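Here the structure is a predicted model, which means the values were calculated and not measured. Each chain gets a letter, A, B and so on, in the order the sequences are listed, and its residues count up from 1.
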Protein chains: 2
Amino acid sequence: MNSSVTATSEPTLTDKFQRGNVLASSCPSRGVLQDVTSRWGVLALFALLQGTHRFSELRKSITGVSEKMLSQTLQALEADGFVLRTAHPVIPPHVEYSLTASGREVAKRVEELVNWIEVNINPILSARDEYTSLKSG
Amino acid sequence: MNSSVTATSEPTLTDKFQRGNVLASSCPSRGVLQDVTSRWGVLALFALLQGTHRFSELRKSITGVSEKMLSQTLQALEADGFVLRTAHPVIPPHVEYSLTASGREVAKRVEELVNWIEVNINPILSARDEYTSLKSG
DNA sequence: CAGCATCCGGTTCGATACTG
DNA sequence: CAGTATCGAACCGGATGCTG
């Protein structure tokens with residue numbers, strides 16, 4: 001997915017001053033962060049926090065996601081070990097998705113972020129309106 | 001950004017079962033979530049948690065970000081009321097970016113997510129390797 | 001220094017069709 | 001049901017050139 005790093009200019013000096021090193025482009029955490037904070041990744045983790053779900057259930061609950069994107073997103077999260085995919089060999093196919101132990105950890109943190117935004121959505125939206133009218137008004 | 005809601009099919013039934021409603025595409029929280037969890041948004045919030053920074057400083061510390069993207073990202077965060085932009089009318093220009101009160105709240109939650117990933121990056125990477133070799137090996 | 005306008009290649013994404 | 005394959009369309013994002 002993001003395997004070639006295409007060596008940008010060396011960040012050596014700057015790196016020393018950072019608590020972590022996500023800010024350095026070479027940090028592998030960035031890739032994982034991408035998976036977790038991707039458009040549908042956030043919502044998938046959030047949805048799975050409620051428990052195990054089938055593919056079609058997730059597709060229905062996460063409004064607007066396409067089959068392809070959901071599939072792709074779940075695969076990325078599975079690859080990172082956050083999501084467990086369980087396929088029951090029956091016809092028609094029955095596949096269930098759930099969070100792993102580490103998946104629950106990330107998901108909990110994602111949830112806190114999401115919840116905070118939802119609780120404070122009104123002031124935020126007001127700020128946005130004000131900003132917009134300042135710019136174009 | 002996402003102002004026209006283009007009424008998707010009514011999600012009434014599904015919505016009742018969700019703690020929040022981010023999972024509904026009509027939810028305005030999604031837009032804000034996008035700004036916060038965007039590729040550079042996460043890193044900008046994370047970087048600003050350390051304090052006030054000038055544009056060029058941010059550009060240097062957030063390795064790999066382009067001028068355009070940083071500018072765009074900061075504007076989005078400013079619009080949502082998370083980032084305060086202070087321009088000093090001198091020549092050459094001097095602009096400082098800092099977090100607002102609400103900005104600190106989101107940033108703290110972003111930080112917790114980022115930190116967890118950084119701390120657990122090794123097991124995650126191992127899981128990924130294992131997954132990859134299972135698929136293609 | 002801080003940033004916008006423009007161009008343009010690459011990636012992402014959604015719709016559709018198809019498979020096990 | 002749970003996906004994969006393919007194909008345009010849309011968007012993202014970087015490079016460049018210009019402004020105050």
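Ring pair B/H88/B/H94 is perpendicular by interplanar angle, where above 60° counts as perpendicular and below 30° as parallel.
Atom pair A/Q72:CD and C/dC13:P shows a separation of 7 Å (rounding to whole Å applied). Computed from coordinates, the B/L58 CG to C/dA2 P distance equals 9 Å when rounded to whole Å. Regarding B/E57, its CD atom lies at a distance of 11 Å from the P atom of C/dC1, rounded to whole Å. Following rounding to the nearest Å, A/M69 (CE) and C/dA15 (P) show an atom-to-atom distance of 11 Å. Rounded to whole angstrom, the span from the CD1 atom of A/I91 across to the P atom of C/dT19 amounts to 16 Å. C/dA2 atom P lies 11 Å from atom CZ of B/R59, rounded to whole Å.
Here B/S56 reaches the OP1 or OP2 of C/dA2: one of its side-chain N or O atoms lies under 4.0 Å away.
For the pair A/F82 and A/V32, the minimum side-chain heavy-atom distance is below 4.5 Å.
Of the possible polar contacts, none joining the A/T73 side chain to the A/G41 backbone as a donor-acceptor pair under 3.5 Å is found. Put simply, the side chain of A/T100 gets close to the backbone of A/G81: a donor and an acceptor are under 3.5 Å apart.
When DNA chain D is scanned 5' to 3' for any atom under 4.0 Å from a heavy atom of chain B, the first and last hits are D/dG13 to D/dG20.
Considering only the side chain of A/P93, C/dG20 comes nearest among C/dC1, C/dA2, C/dG20. Among the nucleotides C/dG3, C/dC13, C/dC7, the one closest to any side-chain atom of B/K68 is C/dC7.
Nearest-nucleotide positions on DNA chain C place B/R54 closer to the 5' end than the other of B/R54 and A/P92.
Backbone-only engagement by B/R85 is indicated by non-hydrogen atom pairs under 4.0 Å involving sugar-phosphate atoms exclusively. Residue B/Q75 is classed as a sugar-phosphate contact, given heavy-atom separations below 4.0 Å to backbone atoms only. Base engagement by B/E67 is indicated by at least one non-hydrogen atom pair under 4.0 Å involving a base atom.
By the 4.0 Å N-to-carboxylate-O rule, B/R30 lies too far from B/D35 to be salt-bridged with it. Remark: A/R109 engages A/E105 in a salt bridge, criterion side-chain N to carboxylate O under 4.0 Å.
Inter-axis angle, ends of the helix from C/dC1-D/dG20 to C/dG20-D/dC1, five pairs per end, rounded to 10 degrees: 50°.
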